[in-house]
Amino acid sequence: PQPTCSSPPITGAASGSRVPAPNFVSSSVFVVSIDFGTSYSGYCYSLASGTDQIRQVFWGMEHGFKTPKTPTCILFNQNQEFKKFGYDAVMKYKKLSSDEADKWYFFQNFKMSLYDRKVTSDMMLEASNGKTLPALLVFAESLRYMEQHALNTIQEASFNTVCDPEEITWVITVPAIWTAAAKQFMRLAAKEAGLISDMTSEKLIIALEPEAASLWCKQLPQEGFLTEGSNSKKFEDSPGVQYVVVDCGGGTVDITVHEIQEDCCLKELHKASGGGWGGNRVDENFIAFLREIFDDGVWHEYVKSCPTELQKMMYNFGLQKCSSDREAVYLDCYYKLTTLAEKKKEISQFFKKVKGVKWCDGMIMITFEKMKSFFEYSIKNIIVALKEILDKPEMAKVQYILLVGGFASSVILRDEVRKAFSKKYNILCPLEAQLAIAKGAVLFGINPEVVTSRISARTYGLRVSREFDPAIHDIRNRRVSKADGYVYCKGLFRKLVEVGESVSINEVVHYDFTPTEPDQTSALFAFYSTEKQDAMYVDEEGLELVGSCTVPMPDTKLGGKRKLNLDIKFGLTEIKATATDVTSKQSRIITIDFLSV
């Protein structure tokens with residue numbers, strides 16, 4: 001059933017236009033970008049007045065590490081109170097007794113809960129031990145930790161000058177293939193964490209991960225890339241250059257295509273695409289492989305009784321999957337796994353029936369071919385998706401493929417992409433593949449208008465009513481107003497922007513609407529989306545209700561002759577709208593609720 005409210009749906013008038021919007025102006029002193037990843041998270045910061053010194057933070061020194069990002073892991077105690085994040089959470093969790101581990105809440109890879117599923121503000125997340133907490137609490141506490149860490153870092157870097165949070169613009173990165181609901185969930189989590197005070201605050205900017213990486217890469221000199229084959233020019237010094245950005249993260253792989261403009265800005269040439277093919281798929285295949293080796297209930301018992309040791313094993317495997325250089329991989333078989341296995345039989349016996357692995361004096365030796373097989377699903381999907389894009393006639397001028405993100409550090413992944421595409425394209429990977437997104441997000445926070453236009457990934461429209469026309473309208477949708485006898489057709493789809501359409505960030509889509517009922521005091525805007533180019537009715541197959549908002553229309557003197565203006569920006573990273581009741585001259589920014597439908 002369609003959602004209802006105290007007022008009937010609005011009816012659409014014929015007018016619609018596009019006008020330029022005012023330019024972005026920032027009053028912040030600092031810009032802080034939080035690259036909130038599936039596997040690892042980090043942040044970078046800079047003065048808002050310039051990008052000469054984008055600073056990064058190293059993590060894990062107290063645990064013997066020095067990495068640009070920290071594991072996206074969070075730990076709550078048995079009272080559901082936040083305790084640790086990142087390496088601290090992993091190390092604390094490792095030290096918990098089995099009894100404590102059963103009572104506490106340890107979350108990892110939870111960012112994937114916002115991908116490829118219905119996202120709501122009250123959804124729950126399952127911890128490693130099966131216990132659940134509200135997703136909003138888990139995300140908000142993670143962001144709160146990153147916020148406090150960043151504020152402390154800036155304070156220390158500013159000779160202990162206390163930084164006013166109002167002087168900071170926060171940038172949070174999200175996959176380009178996320179839904180509007182998932183993006184809004186991150187904004188809500190940021191509000192709950194205290195980064196912003198209200199949902200419409202411009203002190204928070206949502207950045208798309210492949211766009212951020214593109215911004216960083218386009219200003220790098222040749223020596224900023226791992227791979228040869230580029231000329232000495234920076235991309236941004238070559239207007240007209242077109243390239244594909246493949247953001248290979250832990251959870252998702254995001255693909256976008258950009259062209260450098262004369263003013264060094266970026267124009268998107270193809271709608272964002274991708275899927276859940278990130279580095280975590282490699283981990284999942286590795287775990288399935290270990291389950292095959294340690295059969296007879298051994299692996300099941302190990303996962304259940306030794307979660308902290310398993311965490312350590314997976315961390316070490318994560319290092320190996322990136323550094324594996326065409327040779328066999330050796331991994332420690334930890335004490336508790338060895339002990340559990342030897343209760344069943346002599347441990348070398350477990351390895352005899354499985355191909356691609358050997359037992360070598362306390363080490364698990366995996367052949368390079370077997371290691372490559374863990375990557376097959378991800379690599380196959382990435383290559384197929386790239387070919388689908390690059391085979392299109394409008395992509396004929398693309399010269400480069402940029403591989404970014406933590407998963408792009410993998411030699412196996414880079415080799416396979418090179419084999420598939422190097423005859424026609426230059427394959428490049430920045431030296432700091434893992435930091436490209438965080439650093440590029442700082443650049444985006446300083447100037448969000450640097451990406452001048454985007455391609456709409458879906459068709460968006462509104463549910464409207466129109467005067468009933470028996471020649472074109474379905475009789476089942478015919479309704480009669482009790483107030484004035486107006487005969488109308490309900491449930492019509494009014495297209496606002498079409499899939500594949502290029503929309504400028506400074507474009508405002510302007511539409512005029514009049515009320516269906518003369519005495520209604522508010523209007524419900526129900527937003528729908530589809531992968532189709534257009535539709536007649538909102539209940540057609542393939543249409544999805546994605547959001548809604550209610551706008552007050554308190555002055556009813558003019559009845560059905562009142563006019564309501566709706567201005568929408570589709571070219572930004574988030575859909576934003578303003579509604580104006582022409583009669584009362586009241587204009588307001590409206591928050592489209594994508595989380596309650």
Side-chain angles (χ1 to χ4, degrees), residues 18-36 43-52 54 150 166-176 178 180 182-184 186-187 190-191 195-196 198-219 236 245 247 254 256 258-269 271-272 436-457 497 502-509 567-578 589 591-592:
R18 300 193 172 195
V19 295
N23 292 330
F24 174 83
V25 178
S26 173
S27 59
S28 297
V29 177
F30 292 97
V31 172
V32 180
S33 69
I34 300 176
D35 179 9
F36 195 80
Y43 65 86
C44 291
Y45 66 97
S46 168
L47 287 169
S49 57
T51 58
D52 294 342
I54 296 179
E166 284 297 309
E167 297 177 337
I168 295 178
T169 291
W170 298 94
V171 184
I172 296 178
T173 65
V174 303
W178 266 13
K183 294 173 188 174
Q184 189 169 74
M186 288 302 289
R187 180 169 283 272
K191 176 179 172 290
L195 276 72
I196 52 174
D198 63 83
M199 288 293 285
T200 59
S201 173
E202 293 189 354
K203 289 293 183 181
L204 173 65
I205 295 170
I206 299 296
L208 307 182
E209 288 162 0
E211 285 188 358
S214 180
L215 290 176
W216 180 248
C217 290
K218 81 178 179 68
Q219 50 84 59
E236 66 182 13
V245 181
D247 171 25
D254 259 354
T256 191
H258 284 154
E259 179 182 86
I260 302 289
Q261 304 296 286
E262 289 287 346
D263 56 3
C264 297
C265 289
L266 294 176
K267 176 183 180 181
E268 188 175 58
L269 300 180
K271 68 175 184 176
I437 293 163
K439 289 190 171 183
V442 171
L443 300 177
F444 186 74
I446 290 170
N447 180 17
E449 297 189 346
V450 70
V451 181
T452 58
S453 65
R454 295 181 175 88
I455 303 293
S456 182
V497 66
S502 180
V503 186
S504 165
I505 58 163
N506 287 324
E507 262 182 44
V508 176
V509 183
D567 294 330
I568 312 176
K569 291 184 182 181
F570 284 102
L572 305 173
T573 58
E574 299 173 273
I575 299 171
K576 295 188 177 181
T578 305
I589 296 172
T591 300
I592 304 170

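We number each residue from 1, following the sequence as shown.
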Does [X] use its side chain to pair, donor to acceptor, with the backbone of [Y] at less than 3.5 Å?
X: Asp567; Y: Val508; result: no
X: Arg187; Y: Ser201; result: yes
X: Lys267; Y: Thr452; result: no

Rounded distance (nearest 0.5 Å) linking atom [atom1] of [X] with atom [atom2] of [Y]:
X: Ile446; Y: Ser28; atom1: CD1; atom2: OG; answer: 10.0 Å
X: Ser453; Y: Glu268; atom1: OG; atom2: CD; answer: 7.5 Å
X: Lys183; Y: Leu572; atom1: NZ; atom2: CG; answer: 10.0 Å
X: Phe30; Y: Leu47; atom1: CZ; atom2: CG; answer: 5.0 Å
X: Thr573; Y: Ile172; atom1: OG1; atom2: CD1; answer: 11.0 Å
X: Ile505; Y: Glu449; atom1: CD1; atom2: CD; answer: 4.0 Å

For the pair Val497 and Val509, evaluate side-chain contact (heavy atoms from CB on, under 4.5 Å) and give the outcome as yes or no after the intermediate values. CA-CA 8 Å; Val497 66; Val509 183; 5.7 Å; no
Residue pair Glu211 / Thr256, side-chain donor-acceptor N/O under 3.5 Å: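 Result is no, nothing qualifies.
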Hydrogens and angles aside, do Thr173 and Asp35 bring a side-chain donor and acceptor to less than 3.5 Å of each other?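 Distance-only check passes for Thr173 and Asp35.
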Looking at residues at least two apart in the chain, or sitting in another chain, which of them share a side chain to side chain contact (heavy atoms under 4.5 Å, CB included) with Glu236?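 Listed in chain order: Lys218, Gln219, Lys234, Cys264.
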Kindly write out the residues that satisfy side chain to side chain contact (heavy atoms under 4.5 Å, CB included) with Ser504, not counting sequence neighbours, or none if the list is empty.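 Partners of Ser504 by the side chain to side chain contact (heavy atoms under 4.5 Å, CB included) criterion, ordered by chain and then number, come out as Asn506, Glu507.
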Taking all non-hydrogen atoms of both residues into account, name the closest pair between [X] and [Y] and its distance.
X: Leu208; Y: Arg454; answer: CD1-NE, 4.2 Å
X: Ser33; Y: Ala438; answer: OG-O, 2.6 Å
X: Val442; Y: Cys44; answer: CG2-O, 3.7 Å
X: Phe36; Y: Glu209; answer: O-OE2, 4.2 Å
X: Ala213; Y: Ile437; answer: CB-CG1, 3.9 Å
X: Ala48; Y: Val31; answer: CB-CG2, 4.0 Å

Could you pull out all residues at least two apart from Glu259 that satisfy salt bridge (charged side-chain N to carboxylate O under 4.0 Å, His left out)?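 Expected list: none.
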From the options Ile168, Val171, Ile196, Thr169, select the one residue that forms a side chain to side chain contact (heavy atoms under 4.5 Å, CB included) with Leu204.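 With Leu204 as partner, side chain to side chain contact (heavy atoms under 4.5 Å, CB included) holds for just one option, Ile196.
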Would you say the side chain of [Y] lies within less than 4.5 Å of the side chain of [X], judging by non-hydrogen atoms?
X: Ile54; Y: Leu443; value: yes
X: Ile575; Y: Phe570; value: yes
X: Leu266; Y: Ser214; value: yes

